[in-house]
There are 2 protein chains.
Amino acid sequence: MNASPRRKELTRQAAQLFVQEGFDRTTVRMLAQEMGIKSGSLFHHFRDKQEILAAVIEEGTQNALVIAHRALEKCDNSPGARFHAMARAHLETLHADRNAHVVALYEWRRLDVEARDHLSHLRDAYEALWQQVIDEALEAGLIHGDRFLVARFVMGALNWTVRWYDPQGPRTPDELADELLAMIRHGSA
Amino acid sequence: MNASPRRKELTRQAAQLFVQEGFDRTTVRMLAQEMGIKSGSLFHHFRDKQEILAAVIEEGTQNALVIAHRALEKCDNSPGARFHAMARAHLETLHADRNAHVVALYEWRRLDVEARDHLSHLRDAYEALWQQVIDEALEAGLIHGDRFLVARFVMGALNWTVRWYDPQGPRTPDELADELLAMIRHGSA
DNA sequence: GTACTAACCAAGCAAGCGCTAGTGTAACCG
DNA sequence: CGGTTACACTAGCGCTTGCTTGGTTAGTAC
(Lines give C-alpha, C1' and ligand atoms only; values in the text may rest on other atoms or scores of the structure.)
Protein backbone atom coordinates (compact mmCIF):
# COMPACT_ATOMS: atom_id res chain seq x y z
CA MET A 1 0.00 0.00 0.00
CA ASN A 2 2.02 2.91 1.36
CA ALA A 3 5.61 3.13 0.15
CA SER A 4 7.08 6.06 2.07
CA PRO A 5 10.84 5.96 2.53
CA ARG A 6 10.39 5.85 6.29
CA ARG A 7 8.22 2.77 5.95
CA LYS A 8 10.77 1.11 3.71
CA GLU A 9 13.50 1.63 6.27
CA LEU A 10 11.30 0.24 9.03
CA THR A 11 10.52 -2.76 6.85
CA ARG A 12 14.21 -3.45 6.37
CA GLN A 13 14.80 -3.40 10.10
CA ALA A 14 11.83 -5.64 10.74
CA ALA A 15 13.22 -8.22 8.31
CA GLN A 16 16.40 -8.39 10.33
CA LEU A 17 14.49 -9.21 13.50
CA PHE A 18 12.17 -11.69 11.80
CA VAL A 19 15.19 -13.65 10.64
CA GLN A 20 16.85 -13.61 14.05
CA GLU A 21 13.81 -14.51 16.12
CA GLY A 22 11.13 -15.76 13.76
CA PHE A 23 7.92 -13.88 13.15
CA ASP A 24 5.91 -15.17 16.09
CA ARG A 25 8.65 -14.57 18.61
CA THR A 26 9.27 -11.05 17.44
CA THR A 27 7.05 -8.82 19.55
CA VAL A 28 5.85 -5.40 18.52
CA ARG A 29 7.88 -4.04 21.42
CA MET A 30 11.05 -5.57 20.02
CA LEU A 31 10.29 -4.20 16.60
CA ALA A 32 9.66 -0.75 17.99
CA GLN A 33 12.88 -0.75 19.97
CA GLU A 34 14.87 -1.78 16.91
CA MET A 35 13.25 1.09 15.05
CA GLY A 36 13.94 3.54 17.83
CA ILE A 37 10.29 4.32 18.56
CA LYS A 38 7.67 3.13 21.04
CA SER A 39 5.44 0.19 20.32
CA GLY A 40 2.32 2.32 19.95
CA SER A 41 3.88 4.44 17.23
CA LEU A 42 4.40 1.38 15.13
CA PHE A 43 0.73 1.24 14.29
CA HIS A 44 0.90 4.61 12.66
CA HIS A 45 2.93 3.01 9.86
CA PHE A 46 1.39 -0.46 9.71
CA ARG A 47 -2.18 -1.52 10.34
CA ASP A 48 -1.08 -4.58 12.31
CA LYS A 49 1.82 -6.92 12.81
CA GLN A 50 0.92 -9.10 9.85
CA GLU A 51 1.17 -6.13 7.52
CA ILE A 52 4.83 -5.74 8.48
CA LEU A 53 5.47 -9.32 7.49
CA ALA A 54 3.70 -8.83 4.19
CA ALA A 55 5.74 -5.69 3.51
CA VAL A 56 8.99 -7.53 4.15
CA ILE A 57 8.14 -10.36 1.81
CA GLU A 58 6.79 -8.07 -0.89
CA GLU A 59 10.01 -6.04 -0.91
CA GLY A 60 12.19 -9.12 -1.29
CA THR A 61 10.15 -10.81 -3.97
CA GLN A 62 9.78 -7.66 -6.02
CA ASN A 63 13.54 -7.11 -5.94
CA ALA A 64 14.22 -10.69 -7.01
CA LEU A 65 11.90 -10.28 -9.96
CA VAL A 66 13.55 -7.06 -11.10
CA ILE A 67 17.06 -8.47 -10.75
CA ALA A 68 16.17 -11.65 -12.64
CA HIS A 69 14.70 -9.67 -15.52
CA ARG A 70 17.74 -7.45 -15.69
CA ALA A 71 20.10 -10.44 -15.66
CA LEU A 72 18.25 -12.08 -18.54
CA GLU A 73 18.39 -8.91 -20.61
CA LYS A 74 22.12 -8.52 -20.19
CA CYS A 75 23.28 -12.07 -20.82
CA ASP A 76 23.92 -14.04 -24.03
CA ASN A 77 20.99 -15.60 -25.79
CA SER A 78 22.10 -19.22 -25.50
CA PRO A 79 20.05 -21.47 -23.19
CA GLY A 80 23.14 -22.24 -21.15
CA ALA A 81 23.97 -18.59 -20.60
CA ARG A 82 20.39 -17.79 -19.70
CA PHE A 83 20.18 -20.61 -17.20
CA HIS A 84 23.45 -19.54 -15.67
CA ALA A 85 22.33 -15.93 -15.45
CA MET A 86 19.12 -16.89 -13.67
CA ALA A 87 20.90 -19.11 -11.16
CA ARG A 88 23.48 -16.46 -10.48
CA ALA A 89 20.88 -13.74 -10.09
CA HIS A 90 18.96 -15.96 -7.71
CA LEU A 91 22.01 -16.49 -5.53
CA GLU A 92 23.02 -12.85 -5.63
CA THR A 93 19.58 -11.74 -4.50
CA LEU A 94 19.70 -14.30 -1.75
CA HIS A 95 22.93 -12.62 -0.67
CA ALA A 96 22.05 -8.96 -1.09
CA ASP A 97 18.52 -9.24 0.26
CA ARG A 98 19.04 -12.20 2.47
CA ASN A 99 16.79 -11.24 5.35
CA ALA A 100 13.73 -10.68 3.23
CA HIS A 101 14.17 -13.98 1.42
CA VAL A 102 14.75 -16.04 4.49
CA VAL A 103 11.57 -14.55 5.89
CA ALA A 104 9.71 -15.33 2.67
CA LEU A 105 10.84 -18.94 2.80
CA TYR A 106 10.26 -19.57 6.49
CA GLU A 107 7.33 -17.37 7.46
CA TRP A 108 5.12 -17.62 4.39
CA ARG A 109 2.53 -19.59 6.29
CA ARG A 110 2.14 -16.86 8.88
CA LEU A 111 0.60 -14.55 6.30
CA ASP A 112 -3.14 -14.16 6.39
CA VAL A 113 -5.16 -15.33 3.41
CA GLU A 114 -5.42 -12.00 1.59
CA ALA A 115 -1.73 -11.18 1.83
CA ARG A 116 -0.80 -14.67 0.75
CA ASP A 117 -3.10 -14.36 -2.21
CA HIS A 118 -1.59 -11.07 -3.28
CA LEU A 119 2.01 -12.17 -2.82
CA SER A 120 1.61 -15.54 -4.48
CA HIS A 121 1.03 -13.71 -7.75
CA LEU A 122 4.43 -12.09 -7.43
CA ARG A 123 6.02 -15.41 -6.62
CA ASP A 124 4.26 -17.11 -9.52
CA ALA A 125 5.66 -14.50 -11.88
CA TYR A 126 9.14 -15.27 -10.65
CA GLU A 127 8.68 -19.00 -10.99
CA ALA A 128 7.23 -18.59 -14.46
CA LEU A 129 10.43 -16.88 -15.48
CA TRP A 130 12.40 -19.87 -14.25
CA GLN A 131 10.10 -22.30 -16.00
CA GLN A 132 10.66 -20.46 -19.27
CA VAL A 133 14.42 -20.60 -18.98
CA ILE A 134 14.29 -24.27 -18.13
CA ASP A 135 11.99 -25.03 -21.04
CA GLU A 136 14.52 -23.42 -23.38
CA ALA A 137 17.31 -25.50 -21.90
CA LEU A 138 15.28 -28.67 -22.30
CA GLU A 139 14.38 -27.88 -25.88
CA ALA A 140 18.01 -27.27 -26.74
CA GLY A 141 18.97 -30.63 -25.24
CA LEU A 142 21.16 -28.94 -22.66
CA ILE A 143 19.40 -30.78 -19.87
CA HIS A 144 17.01 -33.73 -19.71
CA GLY A 145 13.86 -34.55 -17.79
CA ASP A 146 10.30 -33.57 -17.05
CA ARG A 147 9.95 -29.80 -17.26
CA PHE A 148 7.86 -29.62 -14.12
CA LEU A 149 10.20 -31.75 -12.04
CA VAL A 150 13.41 -30.20 -13.28
CA ALA A 151 12.13 -26.75 -12.37
CA ARG A 152 11.25 -27.83 -8.88
CA PHE A 153 14.48 -29.72 -8.30
CA VAL A 154 16.51 -26.73 -9.43
CA MET A 155 14.60 -24.24 -7.32
CA GLY A 156 14.91 -26.57 -4.37
CA ALA A 157 18.65 -26.83 -4.76
CA LEU A 158 18.97 -23.06 -5.01
CA ASN A 159 16.62 -22.13 -2.19
CA TRP A 160 18.24 -24.64 0.09
CA THR A 161 21.43 -22.58 -0.15
CA VAL A 162 20.06 -20.15 2.44
CA ARG A 163 20.78 -22.92 4.94
CA TRP A 164 24.46 -23.33 4.24
CA TYR A 165 25.79 -20.76 1.80
CA ASP A 166 28.07 -18.17 3.33
CA PRO A 167 28.57 -15.18 1.00
CA GLN A 168 31.68 -14.27 3.01
CA GLY A 169 33.11 -17.68 2.15
CA PRO A 170 35.42 -18.57 -0.71
CA ARG A 171 32.73 -19.35 -3.30
CA THR A 172 31.07 -16.64 -5.36
CA PRO A 173 27.49 -16.88 -6.63
CA ASP A 174 28.95 -17.10 -10.11
CA GLU A 175 30.93 -20.20 -9.21
CA LEU A 176 27.95 -21.79 -7.55
CA ALA A 177 25.86 -21.23 -10.65
CA ASP A 178 28.66 -22.82 -12.70
CA GLU A 179 28.65 -25.88 -10.49
CA LEU A 180 24.90 -26.29 -10.58
CA LEU A 181 24.79 -26.07 -14.34
CA ALA A 182 27.71 -28.47 -14.66
CA MET A 183 25.94 -30.97 -12.44
CA ILE A 184 22.80 -31.19 -14.53
CA ARG A 185 23.95 -30.40 -18.07
CA HIS A 186 24.05 -33.22 -20.63
CA GLY A 187 24.62 -31.61 -24.01
CA SER A 188 26.96 -28.76 -24.76
CA ALA A 189 24.49 -26.38 -26.40
CA MET B 1 14.32 -39.84 27.19
CA ASN B 2 11.14 -41.73 27.93
CA ALA B 3 9.75 -43.80 25.09
CA SER B 4 6.45 -45.15 26.39
CA PRO B 5 3.92 -46.01 23.69
CA ARG B 6 1.55 -43.43 25.13
CA ARG B 7 4.17 -40.76 24.74
CA LYS B 8 4.84 -41.83 21.17
CA GLU B 9 1.20 -41.47 20.27
CA LEU B 10 1.03 -38.03 21.88
CA THR B 11 4.13 -37.04 19.96
CA ARG B 12 2.51 -38.05 16.71
CA GLN B 13 -0.53 -35.93 17.43
CA ALA B 14 1.62 -32.98 18.41
CA ALA B 15 3.46 -33.18 15.09
CA GLN B 16 0.16 -32.85 13.28
CA LEU B 17 -0.65 -29.62 15.10
CA PHE B 18 2.85 -28.19 14.75
CA VAL B 19 2.56 -28.57 11.00
CA GLN B 20 -0.87 -26.99 10.83
CA GLU B 21 -0.20 -24.04 13.10
CA GLY B 22 3.54 -23.77 13.58
CA PHE B 23 5.22 -24.39 16.90
CA ASP B 24 4.79 -20.96 18.44
CA ARG B 25 1.13 -20.71 17.55
CA THR B 26 0.33 -24.11 18.93
CA THR B 27 -0.65 -23.61 22.56
CA VAL B 28 -0.43 -26.27 25.22
CA ARG B 29 -4.21 -26.06 25.47
CA MET B 30 -4.58 -26.90 21.77
CA LEU B 31 -2.16 -29.78 22.16
CA ALA B 32 -4.03 -31.11 25.16
CA GLN B 33 -7.38 -30.92 23.40
CA GLU B 34 -6.01 -32.79 20.39
CA MET B 35 -4.74 -35.44 22.77
CA GLY B 36 -8.04 -35.68 24.61
CA ILE B 37 -6.69 -34.50 27.96
CA LYS B 38 -6.48 -31.22 29.88
CA SER B 39 -3.55 -28.88 29.51
CA GLY B 40 -2.22 -29.60 32.99
CA SER B 41 -1.97 -33.31 32.33
CA LEU B 42 0.34 -32.68 29.45
CA PHE B 43 3.20 -31.92 31.78
CA HIS B 44 3.06 -35.37 33.23
CA HIS B 45 4.44 -36.68 29.91
CA PHE B 46 6.72 -33.81 28.88
CA ARG B 47 8.78 -31.49 31.01
CA ASP B 48 7.83 -28.48 28.96
CA LYS B 49 6.58 -27.45 25.54
CA GLN B 50 10.02 -27.50 23.97
CA GLU B 51 10.48 -31.13 24.91
CA ILE B 52 7.47 -32.02 22.78
CA LEU B 53 9.09 -30.35 19.81
CA ALA B 54 12.32 -32.20 20.42
CA ALA B 55 10.45 -35.50 20.69
CA VAL B 56 8.70 -34.89 17.37
CA ILE B 57 11.91 -34.13 15.54
CA GLU B 58 13.82 -36.98 17.15
CA GLU B 59 11.16 -39.48 16.09
CA GLY B 60 11.24 -38.33 12.48
CA THR B 61 15.00 -38.18 12.13
CA GLN B 62 15.55 -41.53 13.77
CA ASN B 63 13.04 -43.15 11.43
CA ALA B 64 14.68 -41.59 8.40
CA LEU B 65 18.04 -42.96 9.47
CA VAL B 66 16.69 -46.48 9.99
CA ILE B 67 14.85 -46.50 6.68
CA ALA B 68 17.86 -45.21 4.78
CA HIS B 69 20.11 -47.90 6.24
CA ARG B 70 17.58 -50.58 5.42
CA ALA B 71 17.23 -49.33 1.84
CA LEU B 72 20.97 -49.40 1.31
CA GLU B 73 21.22 -52.95 2.61
CA LYS B 74 18.54 -54.24 0.30
CA CYS B 75 19.57 -52.62 -2.97
CA ASP B 76 22.17 -53.52 -5.59
CA ASN B 77 25.75 -52.56 -4.99
CA SER B 78 26.18 -50.27 -7.99
CA PRO B 79 26.56 -46.53 -7.26
CA GLY B 80 23.51 -45.77 -9.36
CA ALA B 81 21.32 -48.22 -7.48
CA ARG B 82 22.55 -46.95 -4.15
CA PHE B 83 21.89 -43.33 -5.05
CA HIS B 84 18.45 -44.25 -6.29
CA ALA B 85 17.69 -46.21 -3.13
CA MET B 86 18.69 -43.29 -0.93
CA ALA B 87 16.63 -40.79 -2.88
CA ARG B 88 13.64 -43.08 -2.86
CA ALA B 89 13.95 -43.78 0.85
CA HIS B 90 14.18 -40.07 1.51
CA LEU B 91 11.00 -39.37 -0.40
CA GLU B 92 9.15 -42.28 1.14
CA THR B 93 10.02 -41.11 4.65
CA LEU B 94 8.91 -37.65 3.73
CA HIS B 95 5.61 -39.22 2.77
CA ALA B 96 5.11 -41.70 5.60
CA ASP B 97 6.37 -39.41 8.33
CA ARG B 98 5.57 -36.13 6.72
CA ASN B 99 4.51 -34.18 9.77
CA ALA B 100 7.64 -34.88 11.73
CA HIS B 101 9.87 -33.91 8.82
CA VAL B 102 8.07 -30.71 8.02
CA VAL B 103 8.45 -29.77 11.66
CA ALA B 104 12.13 -30.65 11.58
CA LEU B 105 12.66 -28.43 8.55
CA TYR B 106 10.63 -25.46 9.69
CA GLU B 107 10.90 -25.38 13.46
CA TRP B 108 14.49 -26.41 13.99
CA ARG B 109 15.39 -22.96 15.25
CA ARG B 110 12.80 -23.12 18.00
CA LEU B 111 14.75 -25.85 19.78
CA ASP B 112 16.79 -24.81 22.76
CA VAL B 113 20.54 -25.21 22.60
CA GLU B 114 20.81 -28.60 24.31
CA ALA B 115 18.12 -30.25 22.21
CA ARG B 116 19.59 -28.79 19.06
CA ASP B 117 22.96 -30.12 20.03
CA HIS B 118 21.65 -33.61 20.66
CA LEU B 119 19.55 -33.75 17.50
CA SER B 120 22.17 -32.32 15.21
CA HIS B 121 24.23 -35.44 15.79
CA LEU B 122 21.37 -37.53 14.45
CA ARG B 123 21.03 -35.27 11.46
CA ASP B 124 24.74 -35.31 10.81
CA ALA B 125 24.69 -39.10 10.76
CA TYR B 126 21.97 -39.00 8.14
CA GLU B 127 23.82 -36.48 6.01
CA ALA B 128 27.05 -38.46 6.30
CA LEU B 129 25.21 -41.41 4.79
CA TRP B 130 24.22 -39.25 1.86
CA GLN B 131 27.72 -37.90 1.46
CA GLN B 132 29.06 -41.42 1.27
CA VAL B 133 26.64 -42.47 -1.45
CA ILE B 134 27.40 -39.34 -3.42
CA ASP B 135 31.13 -39.87 -3.10
CA GLU B 136 30.72 -43.35 -4.56
CA ALA B 137 28.73 -41.98 -7.47
CA LEU B 138 31.36 -39.33 -8.13
CA GLU B 139 34.17 -41.83 -8.00
CA ALA B 140 32.39 -44.06 -10.48
CA GLY B 141 31.94 -41.14 -12.86
CA LEU B 142 28.17 -41.43 -12.61
CA ILE B 143 27.88 -37.75 -11.72
CA HIS B 144 30.27 -34.80 -11.81
CA GLY B 145 31.08 -31.92 -9.54
CA ASP B 146 32.32 -30.84 -6.14
CA ARG B 147 31.35 -33.45 -3.56
CA PHE B 148 30.31 -30.84 -1.04
CA LEU B 149 28.16 -28.88 -3.46
CA VAL B 150 26.57 -31.87 -5.13
CA ALA B 151 25.47 -33.21 -1.76
CA ARG B 152 23.88 -29.93 -0.80
CA PHE B 153 22.20 -29.40 -4.14
CA VAL B 154 20.73 -32.89 -4.03
CA MET B 155 19.49 -32.59 -0.48
CA GLY B 156 18.02 -29.22 -1.33
CA ALA B 157 16.14 -30.60 -4.29
CA LEU B 158 14.78 -33.46 -2.19
CA ASN B 159 13.87 -31.50 0.89
CA TRP B 160 12.13 -28.89 -1.20
CA THR B 161 9.66 -31.56 -2.25
CA VAL B 162 7.76 -31.11 1.01
CA ARG B 163 6.53 -27.88 -0.53
CA TRP B 164 4.97 -29.32 -3.65
CA TYR B 165 4.98 -33.11 -3.69
CA ASP B 166 1.59 -34.73 -3.25
CA PRO B 167 1.90 -38.43 -2.38
CA GLN B 168 -1.74 -38.85 -3.43
CA GLY B 169 -0.77 -37.58 -6.89
CA PRO B 170 0.22 -39.61 -9.95
CA ARG B 171 3.96 -39.76 -9.24
CA THR B 172 5.48 -42.35 -6.92
CA PRO B 173 8.63 -41.72 -4.87
CA ASP B 174 10.30 -44.31 -7.07
CA GLU B 175 9.56 -42.31 -10.21
CA LEU B 176 10.74 -39.11 -8.60
CA ALA B 177 14.01 -40.75 -7.63
CA ASP B 178 14.36 -41.93 -11.23
CA GLU B 179 13.88 -38.42 -12.53
CA LEU B 180 16.34 -36.89 -10.12
CA LEU B 181 19.02 -39.39 -10.99
CA ALA B 182 18.34 -38.98 -14.71
CA MET B 183 18.69 -35.23 -14.36
CA ILE B 184 22.16 -35.30 -12.87
CA ARG B 185 23.72 -38.49 -14.22
CA HIS B 186 26.50 -38.24 -16.81
CA GLY B 187 27.99 -41.67 -17.17
CA SER B 188 26.07 -44.95 -17.28
CA ALA B 189 27.85 -46.77 -14.47
C1' DG C 1 -1.88 33.37 13.22
C1' DT C 2 -4.61 29.56 12.11
C1' DA C 3 -5.29 25.07 10.16
C1' DC C 4 -3.72 20.81 8.91
C1' DT C 5 -0.84 16.69 8.97
C1' DA C 6 2.72 13.23 9.92
C1' DA C 7 5.07 11.20 13.52
C1' DC C 8 5.40 10.00 17.94
C1' DC C 9 4.44 8.99 23.12
C1' DA C 10 2.47 7.34 27.73
C1' DA C 11 -0.65 4.38 29.68
C1' DG C 12 -3.12 0.54 29.78
C1' DC C 13 -6.86 -3.02 28.43
C1' DA C 14 -8.50 -7.61 27.48
C1' DA C 15 -7.01 -11.82 26.21
C1' DG C 16 -4.06 -15.45 26.07
C1' DC C 17 0.21 -17.63 27.36
C1' DG C 18 3.27 -21.57 29.67
C1' DC C 19 3.32 -23.73 33.61
C1' DT C 20 2.43 -25.14 38.75
C1' DA C 21 0.12 -26.84 42.90
C1' DG C 22 -2.72 -29.75 44.97
C1' DT C 23 -6.06 -33.48 44.52
C1' DG C 24 -8.58 -37.72 42.84
C1' DT C 25 -8.73 -42.32 41.12
C1' DA C 26 -7.97 -46.68 39.29
C1' DA C 27 -4.50 -50.35 38.69
C1' DC C 28 -1.07 -53.10 40.27
C1' DC C 29 2.39 -55.06 44.18
C1' DG C 30 3.68 -56.95 48.66
C1' DC D 1 -4.99 -54.85 53.51
C1' DG D 2 -1.67 -50.58 52.89
C1' DG D 3 1.63 -48.46 49.59
C1' DT D 4 3.15 -47.06 45.26
C1' DT D 5 2.70 -45.59 40.60
C1' DA D 6 0.62 -43.69 36.37
C1' DC D 7 -2.40 -40.62 34.70
C1' DA D 8 -5.72 -37.31 34.84
C1' DC D 9 -8.26 -33.31 36.86
C1' DT D 10 -9.42 -28.25 38.67
C1' DA D 11 -8.00 -23.83 39.49
C1' DG D 12 -5.34 -20.22 38.82
C1' DC D 13 -0.75 -17.42 39.13
C1' DG D 14 2.24 -14.26 37.02
C1' DC D 15 3.42 -12.56 32.91
C1' DT D 16 3.35 -11.12 27.99
C1' DT D 17 0.87 -10.34 23.97
C1' DG D 18 -1.12 -7.31 20.01
C1' DC D 19 -3.35 -3.38 19.84
C1' DT D 20 -6.15 1.05 21.29
C1' DT D 21 -6.83 5.49 23.15
C1' DG D 22 -6.14 10.25 23.76
C1' DG D 23 -2.94 13.58 23.59
C1' DT D 24 1.67 16.11 22.26
C1' DT D 25 5.10 18.06 19.10
C1' DA D 26 7.28 19.75 15.00
C1' DG D 27 6.86 21.10 10.31
C1' DT D 28 4.31 23.04 6.37
C1' DA D 29 0.45 25.90 3.91
C1' DC D 30 -1.95 29.86 3.26
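In the text below, chain A, chain B and the rest are named by the order of the sequence lines, each starting its count at 1.
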Item checked: Distance in angstrom units between B:Leu31 CG and C:dC17 P, rounded -> 11 Å

Note to self: Going by salt bridge (Lys or Arg N to Asp or Glu O under 4.0 Å), B:Arg82 matches just one of B:Glu139, B:Glu73, B:Glu136. Which one?
What the structure shows: B:Glu136

Notebook entry, point to check: NZ of A:Lys8 versus P of C:dA7: gap in Å, rounded?
Noted result: 16 Å

Next item on the list: Grab the CZ-C1' distance between A:Arg7 and C:dA6 for me, whole Å please.
Entry: 15 Å

Notebook entry, point to check: For B:Ile52 and C:dC17, what is the distance between atoms CD1 and C1' respectively, to the nearest whole Å?
Noted result: 14 Å

Note to self: Taking the side chain as everything from C-beta on, heavy atoms only, tell me whether B:Ile143 gets closer than 4.5 Å to A:Met183.
What the structure shows: no

Notebook entry, point to check: What does nucleotides 6-20 of chain D look like as a protein-contact string, B for base, S for sugar-phosphate only, - for none, at under 4.0 angstrom between heavy atoms?
Noted result: SBSBB-B----BBBB

Note to self: Under 3.5 Å, is there a donor on one side chain and an acceptor on the other for A:His90 and A:Asn159?
What the structure shows: yes

Checklist line | Atom pair distance, as rounded to whole Å: CE in A:Met35 and P in C:dA7 | finding: 14 Å

Next item on the list: Return the value, rounded to whole Å, for the distance between atom CZ of B:Arg110 and atom C1' of C:dG18.
Entry: 17 Å

Checklist line | Residues B:His121 and B:Tyr126: side-chain donor-acceptor under 3.5 angstrom | finding: no

Next item on the list: Output yes when A:Glu34 and A:Arg12 qualify as a salt bridge under the 4.0 Å nitrogen-oxygen rule, no when they do not.
Entry: no

Item checked: Row check, A:Tyr165 ring normal vs B:Arg152 NZ/CZ: under 6.0 Å, within 45° -> no

